[in-house]
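Written out below as structure tokens is the structure these notes cover.
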Amino acid sequence: MKVTLSALCASKEAFVGALGGVYEKSPWVAERAFASAPFESVTGLAAAMVAVVGRASEEEVVALLRAHPDLAGKAALAGELTAESTVEQQRAGLGSLTEGELARFEDLNGRYRAAFGWPFILAVRQASKRTVLAAFERRVAAGKAAELAACIAQVHKIAWMRLL
């Protein structure tokens with residue numbers, strides 16, 4: 001069933017109910033974006049959500065990053081991901097890792113969290129496990145400011161794909 005933007009904007013409850021998961025476990029983004037309704041297009045809606053994150057405090061942004069699961073991490077193995085994250089990780093082949101690949105992800109997840117304080121974030125919907133691992137290896141060595149910017153850009157990319 002196709003939902004129109006005008007139907008989404010009929011009430012804040014409907015809006016947040018439909019779009020609260022676009023930013024991983026962070027319905028506050030949709031709640032605040034509703035203030036900019038109505039939206040002429042999905043692009044306008046996405047821009048409003050990006051602007052909400054851009055105005056958020058540093059603590060809120062870090063909480064948004066920390067709301068994301070580790071790629072091929074314990075939550076994925078235990079079946080505890082959101083429906084969106086489960087589909088995205090499976091499409092990238094992260095649900096069928098070899099023991100060696102899983103060990104590599106565990107090592108990278110641990111190193112990355114130790115370095116930055118949040119999980120590695122990459123829009124994996126159109127990626128393969130090889131490209132995910134290559135990006136992980138490259139970015140784990142990045143500086144904190146650069147990696148914060150990279151993660152925020154990836155969060156917005158994930159949100160855009162979820163909106164579509």
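- Note that CD1 of Ile152 is 10.5 Å distant from CD of Glu147, once rounded to the nearest 0.5 Å.
- Applying the side-chain contact (heavy atoms from CB on, under 4.5 Å) criterion to Val52, with sequence neighbours excluded, gives Trp28, Val29, Arg32, Ala33, Arg55.
- We find the CG-CD1 distance between Asp70 and Ile121 to be 10.0 Å, quoted to the nearest 0.5 Å.
- Within the 4.5 Å cutoff, the side chain of Phe34 has no heavy atoms near those of the Leu19 side chain.
- Among residues two or more places apart in sequence or in another chain, the side-chain contact (heavy atoms from CB on, under 4.5 Å) test is passed with Thr98 by Glu101.
- Cluster membership check: Val155 does not share its hydrophobic cluster with Met161, using side-chain heavy-atom separations under 4.5 Å among Ile, Leu, Val, Met, Phe, Trp and Tyr.
- Note on Met49 and Leu164: same hydrophobic cluster, where clusters join Ile, Leu, Val, Met, Phe, Trp and Tyr whose side-chain heavy atoms are under 4.5 Å apart, directly or indirectly.
- Of all the heavy atoms in Phe15 and Ala30, the pair that sits closest is CE2-O, 3.1 Å.
- Side-chain contact between Leu94 and Phe105 is present, with at least one heavy-atom pair separated by less than 4.5 Å.
- Note that NZ of Lys129 is 4.5 Å distant from OG of Ser96, once rounded to the nearest 0.5 Å.
- The cluster map of Ile, Leu, Val, Met, Phe, Trp and Tyr, joined by side-chain heavy atoms under 4.5 Å apart, puts Leu8 and Val42 in the same cluster.
- Under the 4.5 Å side-chain heavy-atom criterion for Ile, Leu, Val, Met, Phe, Trp and Tyr, Leu81 and Leu122 are members of distinct hydrophobic clusters.
- With salt bridges taken as basic N to acidic carboxylate O contacts below 4.0 Å, none links Glu31 and Lys12.
- Among the candidates Gln89, Glu88, Glu84, the single residue satisfying the side chain to side chain donor-acceptor pair (under 3.5 Å) test with Arg125 is Glu88.
- Using bins of under 30°, 30° to 60° and over 60° for the plane-to-plane angle, the ring pair Tyr112/Phe136 lands in the perpendicular bin.
- Legend: residues meeting side-chain hydrogen bond (donor to acceptor under 3.5 Å, both in side chains) with Ser85, ordered by chain and number and at least two apart, are Glu24, Thr82, Arg162.
- At least one side-chain heavy atom of Glu137 sits under 4.5 Å from a side-chain heavy atom of Leu108.
- In this structure, the ring of Phe120 has its center no less than 6.0 angstrom from the ring center of His68.
- Heavy atoms only, all atoms of each residue included: Ser26 and Ala67 are closest at OG-CB, 4.1 Å.
- Here OG1 of Thr43 is found 4.0 Å from CH2 of Trp160. Values are rounded to the nearest 0.5 Å.
- Among all heavy-atom pairs drawn from Pro38 and Cys9, the shortest one is CA-SG, 4.3 Å.
- Linking Ile, Leu, Val, Met, Phe, Trp and Tyr whenever their side-chain heavy atoms come within less than 4.5 Å leaves Val22 and Val87 in two separate clusters.
- Heavy atoms only, all atoms of each residue included: Leu102 and Ala72 are closest at CD1-O, 3.6 Å.
- To the nearest 0.5 Å, atom CD of residue Glu80 and atom OG1 of residue Thr86 are 10.5 Å apart.
- The heavy-atom pair separating Val132 from Ala127 by the smallest distance is CG2-CB, 3.9 Å.
- Annotation for His156 and Tyr23: closest pair ND1-OH, 2.7 Å, computed over non-hydrogen atoms.
- Separation of atoms CG (Leu71) and CG (Leu97) is listed at 10.0 Å; rounding is to 0.5 Å.
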